[in-house]
Amino acid sequence: MLFHSIYGPRPAVSAAAERLRAAGHEVWTPDLFEGRTFDDLEKAREYREEVGKDELLRRAVLAAAPYSERGLVYAGFSLGAATAQTLALGDEKAKGLLLLHGTSDLAESASVDELPVQLHVASPDAFETDDWLNTWYLQMGRAGADVEIYRYPGAGHLYTDPELPDHDGEAAEATWRVALGFLDSL
């Protein structure tokens with residue numbers, strides 16, 4: 001289950017899903033923004049606020065529900081990574097968690113049984129600061145996750161999206177090589 005970023009279901013999400021399918025994975029890409037896409041971060045944030053965090057999470061849960069019995073690997077880009085994390089930590093059948101460009105707060109009660117987690121982030125990243133990532137890593141470990149973090153110096157926040165200014169082709173290709181190996185191992 002691959003969740004889009006705050007920019008909505010842009011072509012980069014479809015391209016990522018096709019890359020994963022070509023490697024032999026079944027992939028679902030729910031549209032939590034009901035067809036809206038954005039090129040401007042402020043407009044995207046306004047829409048997210050208008051819809052609300054609870055409604056977006058409700059949409060994500062409804063999208064994942066028909067497939068959760070299979071044991072999903074949850075994945076997402078930035079805001080979608082935060083959504084994927086929330087769902088994976090609440091799904092005892094989750095097989096893994098692939099986070100691209102983002103993380104989320106953990107509930108104090110979060111608990112998983114050695115859930116494999118892989119995070120790919122820019123370094124530095126204004127949205128995923130070093131202090132935050134250190135805290136997040138420790139919290140995930142306490143929750144029982146088996147976490148790997150990959151950092152890409154000089155890349156922008158959403159460096160895997162070729163249509164955004166953050167794009168870094170070399171970092172994106174490195175991310176996909178490592179991520180596909182991770183998925184193949186699950």
Side-chain angles (χ1 to χ4, degrees), residues 1-45 47-48 51 56-57 59-64 66-68 70-88 94-104 116-123 125-128 148-186:
M1 185 69 50
L2 179 62
F3 293 101
H4 59 74
S5 76
I6 196 166
Y7 291 100
R10 295 167 51 83
V13 178
S14 298
E18 287 308 313
R19 182 185 290 246
L20 297 171
R21 288 181 187 115
H25 303 284
E26 266 188 295
V27 182
W28 296 276
T29 56
D31 177 359
L32 305 183
F33 280 12
E34 298 179 326
R36 290 186 176 93
T37 60
F38 300 91
D39 293 322
D40 178 84
L41 180 58
E42 289 310 311
K43 288 182 181 175
R45 285 180 173 161
Y47 179 73
R48 179 193 63 196
V51 172
L56 290 174
L57 186 57
R59 292 175 185 180
V61 168
L62 289 174
Y67 310 104
S68 64
R70 299 176 182 215
L72 291 171
V73 174
Y74 292 91
F77 298 95
S78 192
L79 172 68
T83 302
Q85 177 185 306
T86 299
L87 268 60
K95 289 184 181 177
L97 176 59
L98 175 61
L99 304 171
L100 303 163
H101 322 296
T103 61
S104 182
V117 177
Q118 194 174 86
L119 169 63
H120 297 266
V121 291
S123 178
D125 186 323
F127 299 104
E128 300 291 324
E148 298 176 321
I149 299 177
Y150 293 85
R151 303 185 78 171
Y152 300 88
H157 176 65
L158 276 166
Y159 63 84
T160 59
D161 188 331
E163 295 181 354
L164 292 175
D166 290 347
H167 183 250
D168 183 318
E170 188 176 318
E173 285 306 311
T175 294
W176 288 117
R177 275 193 306 276
V178 173
L180 285 169
F182 171 71
L183 294 171
D184 288 344
S185 74
L186 300 178

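Fair warning: this is a prediction, and the values are worked out from it, not measured in the lab. Worth knowing before you read on, the calculation uses all heavy atoms, side chains too, and leaves out hydrogens, waters and symmetry mates.
In this structure, Ile6 CD1 and Thr37 OG1 are separated by 13.0 Å, a value rounded to the nearest 0.5 Å. Atom-to-atom distance recorded for His4:NE2 and Ser14:OG is 10.5 Å, nearest 0.5 angstrom. Annotation: the span from Leu158 atom CG to Asp125 atom CG amounts to 8.5 Å, rounded to 0.5 Å.
Side chains of Leu87 and Met1 form no contact here, defined as non-hydrogen atoms less than 4.5 Å apart. Tyr74 is listed as a side-chain neighbour of Ser68, based on a closest heavy-atom distance under 4.5 Å. Between Leu183 and Gln118, every side-chain heavy-atom pair lies at or beyond the 4.5 Å cut-off. Contact annotation: the side chain of Val13 approaches that of Phe77 to within less than 4.5 Å [non-hydrogen atoms, C-beta and beyond]. Put simply, the side chain of Thr160 does not reach to within 4.5 Å of the side chain of Asp166, judged on heavy atoms. Side-chain contact between Phe3 and Thr86: absent, with no pair of heavy atoms (C-beta onward) separated by less than 4.5 Å.
For residues 150-161, the salt bridge (charged side-chain N to carboxylate O under 4.0 Å, His left out) pairs, not counting sequence neighbours, are Arg10-Asp161, Asp130-Arg151. Listed by first and then second residue, the salt bridge (charged side-chain N to carboxylate O under 4.0 Å, His left out) pairs involving residues 168-182 are Arg19-Glu173 (not counting sequence neighbours). Residues in residues 28-38 take part in these salt bridge (charged side-chain N to carboxylate O under 4.0 Å, His left out) pairs, two or more places apart or across chains: Glu34-Arg59. Within the structure, ring-ring contact (aromatic ring centres under 6.0 Å, His included) contacts touching residues 154-186 (residues at least two apart or in different chains) are His101-Tyr159, Phe127-His157, Tyr152-Tyr159.
In terms of heavy atoms, Ala84 sits closest to Gly76 at CB-N, 4.1 Å. Smallest separation of non-hydrogen atoms from Ala155 and Ala171: CB-CB, 4.1 Å. For the residue pair Ala64 and Leu72, the shortest heavy atom distance occurs at O-CD1, 4.0 Å. Closest of all the heavy-atom pairs between Phe33 and Leu79 is CZ-CD2, 4.1 Å. Nearest heavy-atom pair, Leu186 versus Gly96, reported as atom, atom and distance to 0.1 Å: CD1-CA, 4.1 Å. Between Ala23 and Asp184 the shortest heavy-atom distance is O-OD1, 4.4 Å.
Leu62 is linked by a side chain to side chain contact (heavy atoms under 4.5 Å, CB included) to Arg58, counting only residues two or more places apart in sequence or in another chain. Ala15 pairs by the side chain to side chain contact (heavy atoms under 4.5 Å, CB included) definition with nothing, not counting sequence neighbours. In terms of the salt bridge (charged side-chain N to carboxylate O under 4.0 Å, His left out) criterion, residue partners of Glu18 (sequence neighbours excluded) are, by chain and number, Arg21. Legend: residues meeting side-chain hydrogen bond (donor to acceptor under 3.5 Å, both in side chains) with Gln85, ordered by chain and number and at least two apart, are Trp136. With sequence neighbours left out, Asp40 forms a side-chain hydrogen bond (donor to acceptor under 3.5 Å, both in side chains) with no residue at all. Take Arg45 and apply the salt bridge (charged side-chain N to carboxylate O under 4.0 Å, His left out) test, not counting sequence neighbours, and it matches Glu42. The side chain to side chain contact (heavy atoms under 4.5 Å, CB included) test applied to Glu26 returns Trp28, Arg70, not counting sequence neighbours. Remark: Ala81 engages Leu99 in a side chain to side chain contact (heavy atoms under 4.5 Å, CB included) (not counting sequence neighbours).
Checked by atom type and distance alone, the side chain of Glu128 pairs as donor or acceptor with a backbone atom of Thr103 at under 3.5 Å.
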